[in-house]
Amino acid sequence: MADPKGFLTTGREVATTRPAEERVKDWNEVYVPGSLLPIISKQAGRCMDCGIPFCHNGCPLGNLIPEWNDYAYREDWTAASERLHATNNFPEFTGRLCPAPCESACVLAINQPAVTIKNVEVSIIDKAWDSGDVTPQPPERLSGKTVAVIGSGPAGLAAAQQLTRAGHTVAVYERADRIGGLLRYGIPEFKMEKSHINRRIEQMRAEGTKFRTEIEIGRDIDAAKLRKRYDAVVIAAGATVSRDLPVPGRELNGVHFAMEYLPLSNKVREGDLTVSPISAEGKHVVVIGGGDTGADCVGTAHRQGALSVTQLEIMPRPGEERPAHQPWPTFPMLYKVTSAHEEGGERVYSVSTTHFEGDEDGNVQSLNLVEVEFKDGRLEQKPGTERKIPAQLVTLAMGFTGTDQENGLVEQFGLELDERGNIARDADFATNVPGVYVAGDAGRGQSLIVWAIAEGRSAARGVDRMLTGASDLPAPIRPTDRALTA
């Protein structure tokens, strides 16, 4: 273990953020560069000899958290990086973007603040990149087998890297103009700078993975024809169909899905656009949806110069303490203040949008809402609570309903769907079509980045075993595994 008394003598400290009034003027990551390294070894030393590390169960990747905490405490960064990469292909992504269910499952969190596992993770990988410990790992020999991976989000990239390292020739197909999926165009720059994606892609290229951008399987290439070209196919296309809000006025200009709004600001950062065609500048902005995507819209609107930002959530405001019905080590629903919320705006809970109103030119001008409450398990409106708020830009961030079926991919492959509309798969992540596998949100439904990477790694094992008859690749989860919840 690390420091035997660390959890008794050292309090929890987290990464320092730059002042809100400073960071809203740029798109750089919100944390003070280098602020973790002076404190992170002691923070890693808070990891206790708990006997059964429940953090392993909280993380679907099965990260060897006590081991790399010990190495970080001793400042053996090379060994820490090796243990970190043993279970996670992309810790620089999860260390920045994951909500850290491992910390909710930390044994110390029973009665103290949890170990800062996420901060330790990102410190290890950043140090590894800086010191040159992250290098390409090309296979010793090629198998002669070929695999197509559809989608370049975390699930697709994880599957591709695992299969490439196993000796297969892998090509990743991405419908956007750059690799990364929602990591590239769904996550704002202030949460994760895209340089982190770029250098990982270069590592994968050096290992032998091929990338094909601006090709949508189903539209640009018939899925059945793709299947004939390759020995196996992994579908990692995500759950990209946004949940809509069918209320009067939805058709007005200025009402957009979050995934119509967020990618454009990222394209500005990439240099493709001078200004975003959908901008919050000088507007009253309303974000419908209280999750992480909604918070991303809030932070983006601040940086674009919104007059005001209001975030609406239909559910009641969560508490700040773990509720009794969500005991340790489950992942609790808590009131969370993200960096975007620290920058301003109003959050309104227990409200539902009834309709939008626009001007004579068809532009949205206001949003009408009503307070709601749960009665006998049903959501009911509270009479007399209707009100109107200004809104010249509305973003819908209410989650996703499944994988895209309009592009023809599902139909052309002849894929079966499960009862939730996701692509069905067996214990090896194989679909009903021989040689076709599915990983990530396309098969699981909307989920977390750690689950996506775990799915990509597990599906890679299924593919490798089908192609070669056996596999040494790890499979951290089964398709039926779910997060620790109450």
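Note that the structure is a prediction, hence the values are computed from the model and not measured. Note that these values count all heavy atoms, side chains included, but never hydrogens, waters or copies made by symmetry.
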A cation-pi test, strictly: NZ or CZ of Arg227 under 6.0 Å from the centre of the six-membered ring of Tyr437 and no more than 45 degrees from its axis. Yes or no? no
Do Val234 and Val170 have side-chain heavy atoms sitting under 4.5 Å apart? no
Is there a donor-acceptor pair under 3.5 Å between the side chain of Arg12 and the backbone N or O of Ala114? yes
Phe93: what forms a ring-ring contact (aromatic ring centres under 6.0 Å, His included) with it, not counting sequence neighbours? Phe90
Between Glu92 and Arg200, does any NZ, NE, NH1 or NH2 come within less than 4.0 Å of an OD or OE carboxylate oxygen? yes
Name all residues meeting the salt bridge (Lys or Arg N to Asp or Glu O under 4.0 Å) criterion together with Glu281; count only those two or more places apart in sequence or in a different chain, and write none if there are none. none
Using the side-chain contact (heavy atoms from CB on, under 4.5 Å) rule, pick out the option among Leu396, Leu393, Val394 that qualifies with His256. Leu393
Assess whether a salt bridge exists between Glu202 and Arg205, defined as any Lys/Arg side-chain N lying under 4.0 Å from an Asp/Glu carboxylate O. yes
Looking at every non-hydrogen atom in both residues, tell me the closest pair between Val433 and Phe413 and how far apart they are. CG2-O, 3.2 Å
When the ring planes of Tyr173 and Tyr230 are compared, do they come out parallel, tilted or perpendicular, using 30° and 60° as the limits? perpendicular
My understanding is that only one of Leu409, Val410, Asp404 makes a side-chain contact (heavy atoms from CB on, under 4.5 Å) with Glu406; could you say which? Asp404
Closest non-hydrogen atoms of Ser104 and Pro332, given as atom of the first, atom of the second and distance, are OG-CD, 3.5 Å
Where the side chain of Glu29 meets the backbone of Glu193, is there a donor-acceptor pair that is under 3.5 Å apart? yes
Flag the pair Glu103 and Lys118 as a salt bridge only when some basic side-chain nitrogen lies within less than 4.0 angstrom of an acidic carboxylate oxygen. no
Report the residues that fulfil side-chain contact (heavy atoms from CB on, under 4.5 Å) with Ser458, sequence neighbours left out, ordered by chain and then residue number. Phe429, Ala475, Pro476, Ile477
Short N-O contact, Arg178 and Asp272, less than 4.0 angstrom: yes
